Amino acid sequence: MNHRTFKLKLLSLLVFLTSIPQLLVCNLPSIEEFPDNERICTYLHFLNTFHESLGPSGDYSKGEIQIVLDPEKIQEIESLQKKRLMKRGLSVDDATRMSQCGIIDTDTYWIWIRDAVVFPTGYEGTYNRVVWRSAVDGPGNVAILPVLKDGRVILNLNYRHSTRSWEIELPRGGRFYGETPEKACRRGLRSETGCLTDSQVYLGSITADTSTVTTVTPVFLGYVSEQIESDQDPSEAILGLITLSKQEIKEAFIRGFIEIKMNGEIKKVPFRDSFLAYALLQAESKALI
């Protein structure tokens, strides 16, 4: 691959990563298409371009997990990790593929990154993280606690693919590239529930899973001013809405479930949404609900 071709692919990559999902128009080169030096160069350029959103590289001497930014050291750690994987019985090809660092893959919503790192013990290895594509310029997603005039809270009865179960959840969703969190909240709330809110109160931010996903989700409270017909995305599986008082929400968390009539039968639906628990705690502590 000549230098001009590499620069074109790098530009294509950056356009892909920052484009709004609905405007996806270009093909992203896979990690296998880059020679090692260009693959690492692309990755380092990406980290540098979006360093504010992707976070600091860290310092292992201070007890942090440090991301290695030196290209030669990255290749050294890749080789070390490859040997470890081969000792576990993996083939040369699989061990090579699973030890390569950089931007491993992307889709419409996610960027999968594998970093070469040094742990506080001095142990060197690799670590994966997953980033919302829209998170390169701010939070990847948002959540909102919609409160009616009588103080009750509107929640989604949502079937989640990841847990393969029905869940009771706060309205939440992804933020488009360039969109403010407040606008994303209003858009998502309108789409999922039909609720309109004139203003939002920032409650704080929550990380639902700090082991792999980089998502830091801002959570807002919105007093519902009007409710119209919802306009759910066809990829959603929201069966309906339920409204609960603050006390009913607390009791449901204690039980761990709520009984709902679905398709002619009573079902126990898990009640465990961390976003809802956080939002309720913050709203109550701030005397907003």
Side-chain angles (χ1 to χ4, degrees), residues 13-26 28 42-43 45-58 65 67 102-115 127-146 156 158-163 167 169-193 197 200-222 232-238 272-279 282:
L13 171 64
L14 294 177
V15 169
F16 180 92
L17 293 173
T18 58
S19 62
I20 297 174
Q22 285 85 342
L23 301 180
L24 179 61
V25 294
C26 62
L28 174 69
T42 302
Y43 156 72
H45 187 85
F46 174 70
L47 294 187
N48 182 63
T49 302
F50 303 112
H51 66 278
E52 290 186 5
S53 299
L54 296 174
S57 58
I65 298 174
I67 297 174
I103 300 171
I104 307 304
D105 206 352
T106 73
D107 68 5
T108 307
Y109 302 101
W110 298 99
I111 307 168
W112 172 15
I113 301 171
R114 183 180 296 129
D115 300 298
Y127 216 142
N128 293 297
R129 50 180 169 155
V130 180
V131 185
W132 278 90
R133 275 183 52 195
S134 58
V136 296
D137 77 325
N141 62 351
V142 294
I144 186 167
L145 180 76
N156 285 335
N158 200 352
Y159 192 85
R160 286 298 186 181
H161 175 63
S162 58
T163 60
E167 306 283 347
E169 300 178 336
L170 280 189
R172 69 176 186 267
R175 182 190 64 86
F176 293 151
Y177 181 78
E179 188 177 38
T180 66
E182 292 82 2
K183 184 177 180 179
C185 272
R186 291 193 296 272
R187 173 180 54 77
L189 184 64
R190 160 71 178 83
S191 174
E192 293 185 0
T193 69
T197 176
Q200 299 80 51
V201 180
Y202 176 67
L203 297 176
S205 295
I206 182 174
T207 55
D209 178 5
T210 57
S211 62
T212 305
V213 183
T214 65
T215 306
V216 179
T217 304
V219 181
F220 294 83
L221 179 146
Q232 293 178 18
D233 188 281
S235 63
E236 297 280 5
I238 300 173
R272 55 192 176 187
D273 183 28
S274 59
F275 295 91
L276 173 57
Y278 177 80
Q282 290 289 78

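Position 1 is the first residue of the sequence; numbering continues from there. Nothing here was measured: the structure is a model prediction, and the numbers come from that model. For the numbers below, each heavy atom of this structure counts, side chains included, while hydrogens, waters and symmetry mates do not.
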Exercise. For the atom pair CG (L54) and CG (N48), what is the distance rounded to the nearest 0.5 Å?
Worked result: 10.5 Å
For this session: Give a yes or no on this: more than 12 heavy atoms of other residues, nucleotides or ligands lie within 6.0 Å of atom OH of Y127.
Result: no
Exercise. Would L47 and H51 count as a side chain to side chain contact (heavy atoms under 4.5 Å, CB included) if you check the C-alpha gap in whole Å, the side-chain angles of each, and the deciding distance to 0.1 Å?
Worked result: CA-CA 5 Å; L47 294 187; H51 66 278; over 6 Å; no
Seminar exercise, completed: In this structure, CD of Q232 is separated from CZ of R190 (nearest 0.5 Å) by 10.5 Å
Problem set entry | Aromatic ring pairing W110/W132, orientation class (parallel under 30°, perpendicular over 60°, tilted between) | tilted
Problem set entry | N/O donor-acceptor pair under 3.5 Å between E192 side chain and P171 backbone | no
Seminar exercise, completed: Closest heavy-atom pair, A208 versus F275, reported as atoms and distance to 0.1 Å, is CB-CZ, 3.8 Å
Exercise. Is the backbone N or O of H45 less than 3.5 Å from a side-chain atom of T49, with the two atoms forming a donor-acceptor pair by type?
Worked result: yes
Exercise. When T163 is tested against each of H161, E167, R160 for side chain to side chain donor-acceptor pair (under 3.5 Å), which residue passes?
Worked result: E167
For this session: Taking the side chain as every heavy atom from C-beta outward, state whether E236 and D233 have any pair of such atoms under 4.5 Å apart.
Result: yes
Exercise. Tell me, do L189 and Q200 make a side-chain contact under 4.5 Å, heavy atoms counted?
Worked result: no
Exercise. Below 4.5 Å, heavy atoms only, C-beta onward: do I144 and L221 meet side chain to side chain?
Worked result: no
For this session: State, yes or no, whether a side-chain contact exists between T217 and R172 at a heavy-atom distance under 4.5 Å.
Result: no
Exercise. Nearest heavy-atom pair of D273 and L170: which atoms, and what distance?
Worked result: OD2-N, 3.0 Å
For this session: Run the numbers on V142 and E179 for side chain to side chain contact (heavy atoms under 4.5 Å, CB included), then give the verdict.
Result: CA-CA 11 Å; V142 294; E179 188 177 38; over 6 Å; no
Exercise. Roughly how far apart are E169 CD and N158 CG, rounded to 0.5 Å?
Worked result: 5.0 Å
Exercise. Does one side chain, of R175 or N141, offer a donor that lies under 3.5 Å from an acceptor on the other?
Worked result: no
Problem set entry | Audit row: W112, N128, side chain to side chain contact (heavy atoms under 4.5 Å, CB included) steps and yes/no | CA-CA 7 Å; W112 172 15; N128 293 297; 3.0 Å; yes
Exercise. Looking at residues at least two apart in the chain, or sitting in another chain, which of them share a side-chain hydrogen bond (donor to acceptor under 3.5 Å, both in side chains) with S205?
Worked result: Y202
Exercise. Are side-chain heavy atoms of V213 and R129 found at a separation under 4.5 Å?
Worked result: no
For this session: State, yes or no, whether a side-chain contact exists between V216 and P139 at a heavy-atom distance under 4.5 Å.
Result: no
Exercise. For I113 and I104, what are the C-alpha separation, side-chain angles and deciding distance, and is it a side chain to side chain contact (heavy atoms under 4.5 Å, CB included)?
Worked result: CA-CA 6 Å; I113 301 171; I104 307 304; over 6 Å; no
Exercise. Do C185 and F220 touch side chain to side chain, with heavy atoms closer than 4.5 Å?
Worked result: yes
For this session: Return yes if some donor-acceptor pair links the side-chain N/O of R186 with the main-chain N/O of T197 below 3.5 Å, else return no.
Result: no
For this session: Taking the six-membered ring of Y43 (Phe, Tyr or Trp), confirm whether the NZ or CZ of R114 is under 6.0 Å from its centre and within 45° of its axis.
Result: no
Exercise. Out of curiosity, D115 CG to I67 CD1, how far, rounded to the nearest 0.5 Å?
Worked result: 4.0 Å
Seminar exercise, completed: Of all heavy-atom pairs linking P181 and P218, the shortest is CB-CG, 4.3 Å
Exercise. Are any non-hydrogen side-chain atoms of T215 and T207 less than 4.5 angstrom apart?
Worked result: no
Problem set entry | Approximate separation, where rounding is to 0.5 Å, of L145 CG and L276 CG | 7.0 Å
